[in-house]
Amino acid sequence: MFIEDEEMRQIFKVVCEEHFQKLDEGLLDLEKHISDSGKLNDLLREAHTLKSDANMLGLKDIGTLAHTIEDILGDIKRDNTIFSPAISDRLYQGLDVIRKLAAEAITGEPSPVNVFQSLARLRGASTTAVETPTQEQKAKVVNGVKQLAAVAVAEPIPVSTSSTEKKILPVAGNEKNQPVAIGNYRIETIRLETNKLDALMTQAGELIVSKIRIAHRLTEIEELITLWEEWSQDAFVNRFAFKEIHSGKQNGKLNQASLLPTLQNFYHRTTERLERLGTLANRLRNNTYEDNARLEVVTTELEEGIRTLRLLPLSNIFNLFPRMVRDLAKQQGKAVNLIIEGGETHADKRILEEMKDPLMHMIRNAIDHGIETPEERERLGKPPTATLRLKGYNTTTSILIELSDDGRGLDIETIKQTALKRGICREEELAYMTITQIQSLIFAPGFSTRTFVTEVSGRGVGLDVVRTNVERLKGTIQVESKPGMGTKFRLQLSSTLATAHVLIVEVDGISYAIPLEYVETTLLVRQDDIFLIEDRENVILEGQAVSLFCLADFLEISSNKLDLSIRLKNLKDLPCIIIKIGDERLGFIVNALLYEQDVVIKPQSKLLQRIRNVSGATILGTGEVCMVLNPPDLLKSVRKTITHYHL
């Protein structure tokens, strides 16, 4: 059934999401704390509210299923039924059916749900014990759930292992073995405190005041232009007087008495106009400074206010995963305890939307690839229950999300063999890679250490999708692992997506912007500071050698690539930028370090969606179009250059 009224449809969508989340969380808590009567009361209240909302909108099927869940929870509360994993599974399956019916009511797209059989399973009947209902039985189901007990066989059912029921949540590979589209998760509604809207309205009013003041500045500019026009006309008229003076001097007929009033008048008018011009120019300058300062304050506060409205707690997506971890662990025959930390950390709405699917994929990989079975863990001297930790926190400029497990960790030799087998790199390249670089190969397209495909990991989609999504958000991803002890993924994302603080540099007469979060420091490199390691120029920074490269060589500005020694031959020193990505440092020589600036990054068009070493473009205050460089891409380009050099 489809909700015709658009406003009611949107309201139902919002409240449904809240009900489902609270019911999922409540059931997970109830599984861990069976005697928690307070949590049981919360679940009863949520189920009752969901039933009332559905019945009010005429969604009888949803109301009936919610009423059945309420009955089961009521029996548990009255000790008529003992809460067990089988009952928990039935309640979860009932919630999944309600989700599908709610999606049908919101989108209008029919869902292949048999309400009668779903009710029977919810009550404890096996799938085979429920026959297709008659019209009379259907009517009984709608009018009252209790009549179903006579039809249903009270037999607990195991978790379904059919191909359709196993897909509790979207998996990494679908029936046609095509990769799932990443990024379809959208947060369409945000709840706001009224005082935040009031503050924005106040700033909008201040913006109108600034607009009126700017209109007055235009009037003052018009006065200046009018004065200039009068002066120009007067100068044109007096040009003839000066021409006559000049002509009289040449002919010896100059009548000074007759020309003196003209010259005096011209002098006085010029002096008067100069004073007026100075007064107008000073007033315009002072008022413009004041207006600019006022406008800067208002726009900054307005931007900050709007940005704050888009900030949502990470718990919005973190809370989606406990249910998924529970179901996947049970499906895999593993015991996993998910610990969530930092759910109160706020991030931009787009970060939550873009990172939901990648985090889901990483969790699936951790459960499927990294975490051992309870028996295997006991043999290794580990607790039978694995710990999966999801943590979020922020720094001054970044949002960090960490996912760690205490599983088997990454096997370096297996990664090397898989990389060679998949053609990701060659033995010569592996020889020059650090442990961190080898571990990062798991993000390469098509990389997989599994010789068979599981439903959990799927096929066609790998961790390269995670890296792509992170880089799209101007972020980086790192992996740390110790064999036998576990693996940690660290995602670092920019806290501001619309704007960026950048360093503007000049390379061969062209300006480029480098995001400041990647710039560790800048320095002047002298020829005496450079030394060679394996025929590559290096400089010492904080006791460590940092390789130096010419940024122009990687921007393909000129085909004439010169060694640093040649570039420095006739120069005392050159500006250098030290870029840090993870634990790796690189030095890039540029022509000049210009200034720092906040810029609005314009994404690349679809025709130029993936330009090497470039993440977007911006317009500087001078009106110049400036490319914004992508430091992670520059790191990849440097690696390729080093590898080809040695080959």
Looking just at side-chain N and O atoms, do Asn365 and His361 make a donor-acceptor pair shorter than 3.5 Å? yes

Can you tell me if Ser481 uses its side chain to pair, donor with acceptor, with the backbone of Thr487 under 3.5 Å? no

Among Ile363, Ile339, Asn337, Ile340, side-chain contact (heavy atoms from CB on, under 4.5 Å) partner for Leu388: Ile363

All side-chain hydrogen bond (donor to acceptor under 3.5 Å, both in side chains) counterparts of Ser398, not counting sequence neighbours: Gln492

To check you understand the geometry: which heavy-atom pair defines the closest contact between Pro313 and Gly343, and what is its length? CB-O, 3.5 Å

Only counting residues at least two apart or in another chain, list the ones meeting side-chain hydrogen bond (donor to acceptor under 3.5 Å, both in side chains) with Arg467. none

For Ile106, give me all partners under side-chain contact (heavy atoms from CB on, under 4.5 Å), at least two apart in sequence or on another chain. Arg9, Phe12, Lys13

Result of checking Asp89, Asp29, Asp24 against Arg326 for salt bridge (Lys or Arg N to Asp or Glu O under 4.0 Å): Asp89

Sequence neighbours left out, what passes side-chain hydrogen bond (donor to acceptor under 3.5 Å, both in side chains) with Glu70? Give chain and number order. His48, Lys51

If the threshold is 4.0 Å, N to carboxylate O, is there a salt bridge linking Arg389 and Asp406? no

Less than 3.5 Å apart, any donor N or O on the side chain of Gln21 or Glu25 sitting next to an acceptor on the other? yes

So, Asp405 and Lys488, do they make that salt bridge, N to O below 4.0 Å? no

Carboxylate-amine/guanidinium contact Arg99 Asp96, below 4.0 Å: yes

Leu380: side-chain contact (heavy atoms from CB on, under 4.5 Å) partners, not counting sequence neighbours: Glu372, Glu376, Lys382

Mind checking what makes side-chain hydrogen bond (donor to acceptor under 3.5 Å, both in side chains) contact with Glu378, not counting sequence neighbours? none

Is there a donor-acceptor pair closer than 3.5 Å between any side-chain N or O of Asp368 and the backbone N or O of Arg364? no

Among all residues two or more places apart in sequence or in another chain, which pass the side-chain contact (heavy atoms from CB on, under 4.5 Å) test with Ala347? Leu314, Ile351, Leu352, Ile399

Check ion pair Lys349-Glu353 (N to O, under 4.0 angstrom): yes

Identify, with sequence neighbours excluded, every residue that meets salt bridge (Lys or Arg N to Asp or Glu O under 4.0 Å) alongside Asp53. none

Under the side-chain contact (heavy atoms from CB on, under 4.5 Å) test, which residues partner Lys391, sequence neighbours left out? Glu341, Tyr393, Glu402

Test salt bridge (Lys or Arg N to Asp or Glu O under 4.0 Å) applied to Glu413 - qualifying residues, sequence neighbours left out: Lys416

Quick one: which residue pairs count as a side-chain hydrogen bond (donor to acceptor under 3.5 Å, both in side chains) with a foot in residues 78-87, not counting sequence neighbours? Asp75-Arg78

